Amino acid sequence: MSQSYKNHIRWYPPHHFIFYPLMLGMLSFTAYSAYNDEAGRQLWLFLAGLSAVVIWVAFMLRQHYALTLQNRIVIGEMRYRYFVVTGRRLEPLEEKLSEGQLFALRFAPDEELEALTSRVET
């Protein structure tokens, strides 16, 4: 399958079609109310700011969870690949490798994998 935006996009209906539209509606309403209600402007501005912060935190948490899961999958793939190529477990070497080094090994050819990891063992 070829790589494209179309086959990588994922929609999570509760988030994309319920939570975010409601939050954007609330942000719009509070901003509109802050503009039109002079007596309660400070309250509406506070609520608009709070809405913006909730939207931002929700987006950042979603990204964090996705990246954490992606990292765990890559490490699992590397453990399996290392075992298939070398017949040994990768876990004893993992504490000696940084995450960046471990993720870089993902792109190493099978023929070079054992030689690259043997550098860490010494």
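In this text, all values refer to a predicted model and were calculated from it rather than measured experimentally. Values below: all heavy atoms of this structure, side chains included; hydrogens, waters and symmetry mates excluded.
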A.B. asks: By side-chain hydrogen bond (donor to acceptor under 3.5 Å, both in side chains), which residues pair with Arg106, not counting sequence neighbours?
C.D. replies: none
A.B. asks: Taking Tyr80 as the starting point, is it possible to reach Ile73 by hopping between hydrophobic residues whose side chains are less than 4.5 Å apart?
C.D. replies: no
A.B. asks: Given a cutoff of under 4.5 Å between side-chain heavy atoms of I, L, V, M, F, W and Y, with clusters grown through shared members, what are the other residues clustered with Phe46?
C.D. replies: Phe29, Leu43, Trp44, Leu47, Leu50
A.B. asks: Extract all donor-acceptor atom pairs below 3.5 Å that involve side chains of residues 13-25 and protein atoms in other chains or at least two apart in sequence.
C.D. replies:
| unit_1 | atom_1 | unit_2 | atom_2 | d |
| --- | --- | --- | --- | --- |
| His16 | ND1 | Tyr12 | N | 2.9 |
| His16 | ND1 | Tyr12 | O | 3.3 |
| Tyr20 | OH | Phe59 | N | 3.3 |

A.B. asks: Run the side chain to side chain contact (heavy atoms under 4.5 Å, CB included) test against Thr86 and tell me which residues pass, sequence neighbours left out.
C.D. replies: Tyr82, Arg88, Glu114
A.B. asks: Is a side-chain donor or acceptor of Glu112 paired with a backbone partner of Pro109 at a separation under 3.5 angstrom?
C.D. replies: no
A.B. asks: Please name all residues satisfying side-chain hydrogen bond (donor to acceptor under 3.5 Å, both in side chains) with Arg41, sequence neighbours left out, ordered by chain then number.
C.D. replies: none
A.B. asks: State whether the number of non-hydrogen atoms from other residues, nucleotides or ligands found under 6.0 Å of Phe103 atom CZ is greater than 12.
C.D. replies: yes
A.B. asks: Are Val54 and Tyr65 connected into the same hydrophobic cluster when the rule is that any two of I, L, V, M, F, W, Y join if their side-chain heavy atoms are below 4.5 Å apart?
C.D. replies: yes
A.B. asks: Can you tell me if Asp37 uses its side chain to pair, donor with acceptor, with the backbone of Ser33 under 3.5 Å?
C.D. replies: no
A.B. asks: In this structure, are over 12 heavy atoms from other groups packed under 6.0 Å from Gln63 atom CD?
C.D. replies: yes
A.B. asks: Going by side-chain hydrogen bond (donor to acceptor under 3.5 Å, both in side chains), name the residues that satisfy it together with Glu99, two or more places apart in sequence or in a different chain.
C.D. replies: none
A.B. asks: Got a second to check how far Leu102's CG is from Met78's CE, nearest 0.5 Å?
C.D. replies: 6.0 Å
